[in-house]
Amino acid sequence: ALFPTPPPIDGRFDTHIVLQQQDTTGTSLEAGGNVNVTDLQYDKRRVGTIGLGFDYRMEKGSGQQFDAKLSLDSTEVLSARGSYTDTLPERPLELKVELPGLPLTPVNALLTPSMAQLSGALKGKIAATGSFQNLSVDGSLAFAETAVEVGMIGTTFTLSPSPISIDNSLVRFGNFQIIAPNKKPLTIDGQINLRDFRAITADLLLTASDFQVVNVAKSRKSMVYGQAYMDLNTKVKGRLDNLFVRGDVSLLGGTEVNYVMQDSPLEVKQQNQNIVTFVSFNDTTEFEQFDSIRPMKINGLDIQVNVNVNNSVKLGVDLSEDAENRVQLQGGGNLTYTMNQLGDSRFSGKYEVSGGFVRYKPPVISEKSFDIVAGSYVEWSGEMLDPAFNLTAVDKVRTNVTSDGSDSGRPVTFDISINLRNTLSDLAVTFDLSAPEDLTMQNQLSSLTAEQRASQAMSLLIYNTYTG
């Protein structure tokens, strides 16, 4: 088939067009009418009822003229009037466009909710004169009560109503602002050059201070929740098909972002023998494989952004949907995000952990909290959403241990450690046991295998008993 997968478009199309030729020489032509699409839908999401009315005239020697009006749900949203005269080589084209209020919500039909959703309208007037090789564009555009909800981070930003001017084909942003939920702005300054439509260029500076980039309440549907605040200083320069982005981002104190794993590596099974078995989620006979988010590739961008993480920033991972099994980290580090012009991205660097905990709820008993030890870290070497963990957390348990041939026990303080290793998509969780304050017990534990120490650790967690 020529089109094996037709576009998911629905609606009723009708048109009424009148074509008139004033003479038999073909030097004069008039056309006019209406084109309508009622209840246009894309992928079962409504765009609206669209109407286009137009008049076109062509006469040899005087060129071509046209008028057009676009309506959405019976409201005029755009009008255009123009002419093209061959006999004026310097300025053959004259065009005027007015936007009394072009709604942005119909664009949502083309966007997935996880990508973005728009509200509000675009207003403005644009005039263009000249040739296609040397076009001069003037006017201004402004957003009216416009907001952008970014689905992946669940946060809504509002756009400033300040006009963006267009002067001699230079789009001047003039400190245009994007407002965060905490009312702090991200400012865009600089210009986009439209003088050559074959090579549109940008020269922009993006700056922000204490900008709330994430503000998501926890819910059953949230994969990410919490708050994040940043400073930003980034330059965007070059042709639109070959942009260079360079800058610095600082995650500030007060940032606390949490990620909810859909498949928990701490899932357990309680057997009849009261033995706890850890289930690997790489075993597709028991569970579906980790459902990672596939990032969309964007070509033509060359990005290098340094990310500085303040030492008071908190990052959390809910290892189960109920958050009873959880890792919370506090620390800082220096990271780098890069993307080449082929769209391949890379996130690299190390997040040094200065504090935090691992919370684990074994079967039957109440939850246990383990304090993360110094030297733990999270490291990125590729995928942003798939970092590698090297975390060790310890819970101290004191209990009486009975020696062979003795009826009386002696108190021993054990360190039960939980270790998180490997990448987030292949997270390995193991337990270990040590007794650093008791040399005799430590020697005995050293003689055990890793599996035997893990079994003793679980016995202490569940029964507060060391079975030796």
Might you work through the side chain to side chain contact (heavy atoms under 4.5 Å, CB included) test for L329 and V378, ending with a clear yes or no? CA-CA 9 Å; L329 312 175; V378 181; 3.4 Å; yes
Would you say Y377 and N390 are linked by a side-chain donor-acceptor pair, where the criterion is simply a distance under 3.5 Å? yes
Donor on one side chain, acceptor on other, N306 and Y337, under 3.5 Å: no
Around atom CZ of R81, are there more than 12 heavy atoms of other residues, nucleotides or ligands at under 6.0 Å? no
S119 and E145: side chain donor to acceptor below 3.5 Å: no
Stepwise ring pair (Phe, Tyr, Trp, His ring centres under 6.0 Å) check, F211 with Y229: CA-CA 5 Å; F211 185 81; Y229 304 86; 9.6 Å; no
For the residue pair T392 and R421, confirm or rule out a side-chain donor-acceptor distance under 3.5 Å. yes
Is the number of heavy atoms from other residues, nucleotides or ligands within 6.0 Å of NZ (K218) greater than 12? yes
Are K237 and D302 close enough for a salt bridge, meaning some N to O gap below 4.0 Å? no
Check the pair D39 / R12 against salt bridge (charged side-chain N to carboxylate O under 4.0 Å, His left out), numbers first and verdict last. CA-CA 7 Å; D39 288 329; R12 190 179 75 246; over 6 Å; no
Using 30° and 60° as the class limits, which term best fits the ring planes of W380 and Y351: parallel, tilted or perpendicular? perpendicular
Between Q304 and R246, do the side chains contain an N or O donor and an N or O acceptor separated by less than 3.5 Å? no
So, T146 side chain and A144 main chain: donor-acceptor pair closer than 3.5 Å or not? yes
Step by step, work out the salt bridge (charged side-chain N to carboxylate O under 4.0 Å, His left out) result for D395 and K368. CA-CA 8 Å; D395 181 31; K368 297 290 184 180; 5.1 Å; no
Are side-chain N/O atoms of N308 and N334 paired as donor and acceptor at under 3.5 Å? yes
Among V317, T423, N422, whose side chain to side chain contact (heavy atoms under 4.5 Å, CB included) with F389 holds? V317
Just checking, is any N or O donor in the side chain of N258 or R326 under 3.5 Å from an acceptor N or O on the other one? yes
Quick one: closest heavy-atom pair of G331 and V309, and the distance? O-CG1, 4.0 Å
Test of understanding: with side-chain hydrogen bond (donor to acceptor under 3.5 Å, both in side chains), list the residues that count as partners of D189, not counting sequence neighbours. none
Quickly, which of L159, L99, V77 forms a side chain to side chain contact (heavy atoms under 4.5 Å, CB included) with L122? Name it, please. L99
State whether a side-chain donor-acceptor pair under 3.5 Å links S417 with D415. no
Applying side-chain hydrogen bond (donor to acceptor under 3.5 Å, both in side chains), can you list everything that pairs with S74, at least two apart in sequence or on another chain? none
Please report the C-alpha distance between R46 and Q41 in whole Å, then the side-chain angles of each, then the deciding distance to 0.1 Å, and finally whether the side chain to side chain donor-acceptor pair (under 3.5 Å) criterion is met. CA-CA 4 Å; R46 188 177 188 273; Q41 295 187 43; over 6 Å; no
Do Y466 and L460 make a side-chain contact, defined as non-hydrogen atoms from C-beta onward lying under 4.5 Å apart? yes
Output the distance between atom CG (N34) and atom OG (S71), rounded to the nearest 0.5 Å. 8.5 Å
Between K235 and D203, does at least one N-O distance fall below 4.0 Å, as a salt bridge requires? no
What class does the angle between the rings of F143 and F176 fall in, given that below 30° is parallel, 30 to 60° is tilted and above 60° is perpendicular? tilted
